[in-house]
Amino acid sequence: EADHIIAISECTKRDIMEFGEVDGSQISVIYQSCAPRFSKEEVRGKKENGRYILSVGSIEERKNILLAVKALPYLPEDLQLVIVGRHTKYTDVVQEYVQRHGLTQRVKILHGVKNEELPDLYAGAEAFVYPSVYEGFGIPIIEAISTGLPVVACTGSCLEEAGGPDNLYVAPDDAEGMAAAIRQD
């Protein structure tokens, strides 16, 4: 019933056109940004100890964090994966995989992290991974880029649109490819 619709990405615009049967001329794309606290000038530094790659977002199946966990055996043993997000049933699946494959010392899952604490986590990381198979936009990618982190994300959604050409993208089922991209950064 709206005269005009604002979409957060071209991917979202296509979804609105397809599922809502709305003509594209009725939709404008306006990209999102992130809070100024994520700028390189504002972040203070490491919060976690040791070397780590970071992923931020609710821990649910479509976010595909298990791909990053599966990439760990292809990466140096001193590199950890820090996952920040809300606990869901999928978190239990991830934790079970971690335990079964002897990765408990390499994977940290943090819940209840305050927004004010996130910039420091980004600043201490070596890379940011966002293996989601479907997103409307992907603000954590923008946060990572703003703090100066290299980003490895997945193809097939809007993540390439959100992250732009200066980041690396892998298939959402390619653990070795994700590890190779992380090593490249």
Side-chain angles (χ1 to χ4, degrees), residues 5-22 27 29-35 38 52-75 80-101 103 106-113 115 118 121-122 125 127-146 149-164 167-182 185:
I5 298 170
I6 304 297
I8 57 175
S9 67
E10 289 293 334
C11 183
T12 299
K13 179 179 177 178
R14 288 189 303 274
D15 287 348
I16 294 168
M17 291 168 58
E18 179 182 345
F19 300 115
E21 299 178 4
V22 176
I27 306 169
V29 174
I30 298 177
Y31 291 111
Q32 297 176 296
S33 187
C34 65
F38 290 97
Y52 65 95
I53 52 177
L54 178 67
S55 186
V56 174
S58 61
I59 305 169
E60 54 191 71
E61 193 167 353
R62 75 176 170 85
K63 300 278 191 178
N64 197 28
I65 193 60
L66 197 52
L67 179 68
V69 173
K70 289 178 178 179
L72 282 175
Y74 303 105
L75 294 166
Q80 293 184 333
L81 171 62
V82 175
I83 303 167
V84 177
R86 178 178 52 84
H87 186 98
T88 65
K89 289 181 180 182
Y90 181 66
T91 308
D92 298 333
V93 172
V94 172
Q95 288 174 320
E96 182 181 312
Y97 182 92
V98 165
Q99 289 173 350
R100 244 189 355 229
H101 291 86
L103 297 169
R106 297 190 66 193
V107 177
K108 275 188 176 176
I109 300 177
L110 306 176
H111 308 293
V113 174
N115 283 332
L118 284 174
L121 284 171
Y122 281 101
F128 183 78
V129 293
Y130 205 67
S132 184
V133 294
Y134 185 80
E135 291 294 325
F137 186 67
I139 289 180
I141 290 177
I142 303 303
E143 293 170 348
I145 292 168
S146 294
L149 270 179
V151 172
V152 177
C154 285
T155 58
S157 181
C158 69
L159 302 182
E160 294 154 298
E161 185 179 351
N167 295 293
L168 299 175
Y169 305 93
V170 300
D173 60 353
D174 186 1
E176 289 184 51
M178 175 159 274
I182 291 168
D185 279 337

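One-based numbering along the sequence shown.
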Checklist entry - When rounded to the nearest 0.5 angstrom, what distance separates CD in Q80 from CG in L103? => result 11.0 Å
Item to check | Under 3.5 Å: donor-acceptor pair, side chain of Y90, backbone of L66 | outcome: yes
Next on the checklist: Strictly distance-based, threshold 3.5 Å: is any side-chain N or O of S132 a donor or acceptor partner for the main-chain N or O of R62?
Outcome noted: yes
Checklist entry - Is any side-chain heavy atom of H101 closer than 4.5 Å to a side-chain heavy atom of L72? => result no
Next on the checklist: Looking at R86 and E60, is there a salt bridge between them, counting it only when a charged N and a carboxylate O are closer than 4.0 Å?
Outcome noted: yes
Item to check | Over all atoms of both residues, closest heavy-atom pair of F128 and P140 | outcome: CZ-CB, 3.6 Å
Checklist entry - Where is the tightest heavy-atom contact between L75 and A179, given as atom of each residue plus distance? => result CD2-O, 3.5 Å
Checklist entry - Closest approach of P150 and N167, non-hydrogen atoms and distance? => result C-OD1, 4.2 Å
Next on the checklist: Restricting to non-hydrogen atoms, name the atom on A171 and the atom on L67 that form the minimum distance, rounded to 0.1 Å.
Outcome noted: O-CD2, 3.9 Å
Checklist entry - Quick one: CG on D15 to CE on M17, what's the gap to the nearest 0.5 Å? => result 10.5 Å
Checklist entry - Under a 4.5 Å cut-off applied to non-hydrogen side-chain atoms, are Q95 and V93 in contact? => result no
Checklist entry - Considering only heavy atoms from C-beta outward, does the side chain of D92 approach that of H87 to under 4.5 Å? => result yes
Item to check | A175 to A71 - nearest heavy-atom pair and separation | outcome: O-CB, 3.4 Å
Next on the checklist: Nearest 0.5 Å, please: how far is CD1 in I65 from CD1 in I109?
Outcome noted: 8.5 Å
Checklist entry - Quick one: does S55's side chain get under 4.5 Å of V84's, heavy atoms only? => result no
Item to check | Separation of K108 NZ from L54 CG (nearest 0.5 Å) | outcome: 12.0 Å
Next on the checklist: Which heavy atom of A7 sits nearest to which heavy atom of T12, and what is that distance?
Outcome noted: CB-CG2, 4.1 Å
Item to check | Residues R100, E96: salt bridge by 4.0 Å N-O rule | outcome: yes
Item to check | Close side-chain approach of V152 and I53, heavy atoms under 4.5 Å | outcome: no
Checklist entry - Within the side chain of Y52, is there an N or O that forms a donor-acceptor pair under 3.5 Å with the backbone of L121? => result yes
Item to check | Test item: Y97 and K70 side chains (from C-beta on) under 4.5 Å apart, heavy atoms | outcome: yes
Checklist entry - Between N64 (side chain) and P131 (backbone), is there a donor-acceptor pair under 3.5 Å? => result yes
Checklist entry - Under the 3.5 angstrom rule, does the side chain of H111 hit a backbone N or O of G85 as a donor-acceptor pair? => result yes
Item to check | Test applied, side chain to side chain contact (heavy atoms under 4.5 Å, CB included); reference residue, V56; option that passes from I83, I141, L118 | outcome: L118
